[in-house]
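Here is the structure we will look at.
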Amino acid sequence: MKQTTAEITAESEDQSGRGAVRKKHPRFQRIHYQTKGDVAVDAVATIIGVSFALLCLIPFLFVIGTSFSSEASLTEYGIHIIPHSFSLAAYQMLFEGKQIFMSYGVTIFITVVGTLLSLTLSAMMAYPLSTGRLKLGNTINFLVYFTMLFGAGLVPSYLLISKYLHMDNTIWVLIIPGVISPWNMFLLRNFFSSIPRSLSESAEMDGASEMTILFKIILPVAKPALATIGLFYALGYWNAWFGALLYISDPNLYPLQFLIMKIMKNVEAIQEAARQGVAISTANLPDITAKMATAVVTIGPVVVFYPFVQKYFTSGLMVGSVKG
């Protein structure tokens, strides 16, 4: 004889001893009303949040407004969000010729390729160290940690890269020397250690290899950590200029930050020559406006890219904090 729904419910209630928890109809669910105190707390929190956001936004607006001002108006009226005299002289100086577009291409290449390569190698190094089953794992951890405390120095590094590896004047010299950050690798290792071991054990019982477990199970679970570490790597590659100063002499391989630094050095050299009595007119030469324009040019792509990884970044802020 078939049981009715009510009989099945009653039977489950008798078996549980406490009774089954029934889901209430939406019309009978309790409606939460905010008290005056709750409204006041929400209002204060909103005002504080908006005020803090404006405090962070206003300096950037000053930078943008100054970059579109003329140098003469800055001297006369000072710095304002809305320029008194609109001018594109600073941007014309930066974007004169094709060099800055080539440098943009170099920087985008080393940022994209370097970030993907760094994430892949860091994850492949962090995962076996996180399992605790790797032979000499503690020794490898110590050797990696040792590099965070002590370095060989600038001269040995320069000789190794330029004389023995012959990587100078190649785009890979801007990627390979810093492809793995020990700090970021340890953050990934600690995050991998916090993932339940049962996930990888079940895959092992099904015959999955370690590479399959890493790329199909561990890495999809670790998206917040990968997004956070990837943002760290991307910002590092985007702002890199010291490697180009040491190893790059070909203008076609100048990254954006190094090119802008050279442009600003040239402006300072012209101004210094004028102060020394050389007959050079610097009245219309961008100085402060050029510095503000370089800030806009360099930080603009980062501001555009950040919202796409913000949801992963906020959830991965505590990456690596579970285990030390």
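More than 12 heavy-atom neighbours from other residues, nucleotides or ligands sit within 6.0 angstrom of CZ on F86. Counted within 6.0 Å of CG on L245, heavy atoms from surrounding residues, nucleotides or ligands total more than 12; the atom is thus considered enclosed. Annotation: Y145, atom OH; neighbour count of heavy atoms from other residues, nucleotides and ligands within 6.0 Å does not exceed 12. Counted within 6.0 Å of OH on Y77, heavy atoms from surrounding residues, nucleotides or ligands total 12 or fewer; the atom is thus considered open. Environment of CD1 in I82: sparse, with no more than 12 heavy atoms of neighbouring residues, nucleotides or ligands closer than 6.0 Å.
Between the side chain of S193 and the backbone N or O of R189 there is at least one donor-acceptor pair closer than 3.5 Å. In this structure, the side chain of D168 does not engage the main chain of I248 through any donor-acceptor pair within 3.5 Å. A donor-acceptor pair is defined here as one N or O able to donate and one able to accept, closer than 3.5 Å; such a pair exists between the side chain of N169 and the backbone of D250. No side-chain donor-acceptor contact under 3.5 Å links T115 to the backbone of V112. Side-chain N or O atoms of T111 include one that pairs as donor or acceptor with a backbone N or O of T107 at under 3.5 Å. Checking side-chain atoms of W238 against main-chain N and O of T298 turns up a donor-acceptor pair under 3.5 Å.
Note: I171 CD1 to L174 CG = 6.5 Å, rounded to the nearest 0.5 Å. The CD1 atom of I110 lies 6.5 Å from the CD1 atom of I175; values are rounded to the nearest 0.5 Å. The line from CD1 of I263 to OH of Y254 is 11.5 Å long, rounded to the nearest 0.5 Å.
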Test T147 against L143 for side chain to side chain contact (heavy atoms under 4.5 Å, CB included), laying out the working first. CA-CA 7 Å; T147 62; L143 292 176; over 6 Å; no
Please lay out, stage by stage, how M124 and M211 fare under the test side chain to side chain contact (heavy atoms under 4.5 Å, CB included). CA-CA 9 Å; M124 293 178 66; M211 295 296 291; 3.9 Å; yes
Determine, stepwise, if the pair V106 / F109 fulfils side chain to side chain contact (heavy atoms under 4.5 Å, CB included). CA-CA 5 Å; V106 171; F109 177 83; 5.8 Å; no
Under the ring-ring contact (aromatic ring centres under 6.0 Å, His included) criterion, do F258 and F242 qualify, and how do the steps go? CA-CA 8 Å; F258 181 67; F242 190 66; 10.0 Å; no
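Ring geometry for H80 against H84 counts as perpendicular: the plane angle is over 60°, on a 0 to 90° scale with 30° as the lower cut.
A salt bridge links E204 with R133: the closest approach of a Lys/Arg side-chain nitrogen to an acidic carboxylate oxygen falls below 4.0 angstrom.
Between the side chains of T289 and Y91, no donor-acceptor pair of N or O atoms lies under 3.5 Å. Between the side chains of Y233 and S122, at least one donor-acceptor pair of N or O atoms lies under 3.5 Å. When only modelled atom types and interatomic distance are considered, S70 and S73 share a side-chain donor-acceptor pair under 3.5 Å.
Between F192 and the choices L219, L187, V221, the side chain to side chain contact (heavy atoms under 4.5 Å, CB included) rule is met once, by L219.
The side-chain heavy atoms of L129 and M125, taken from C-beta on, include a pair separated by under 4.5 Å.
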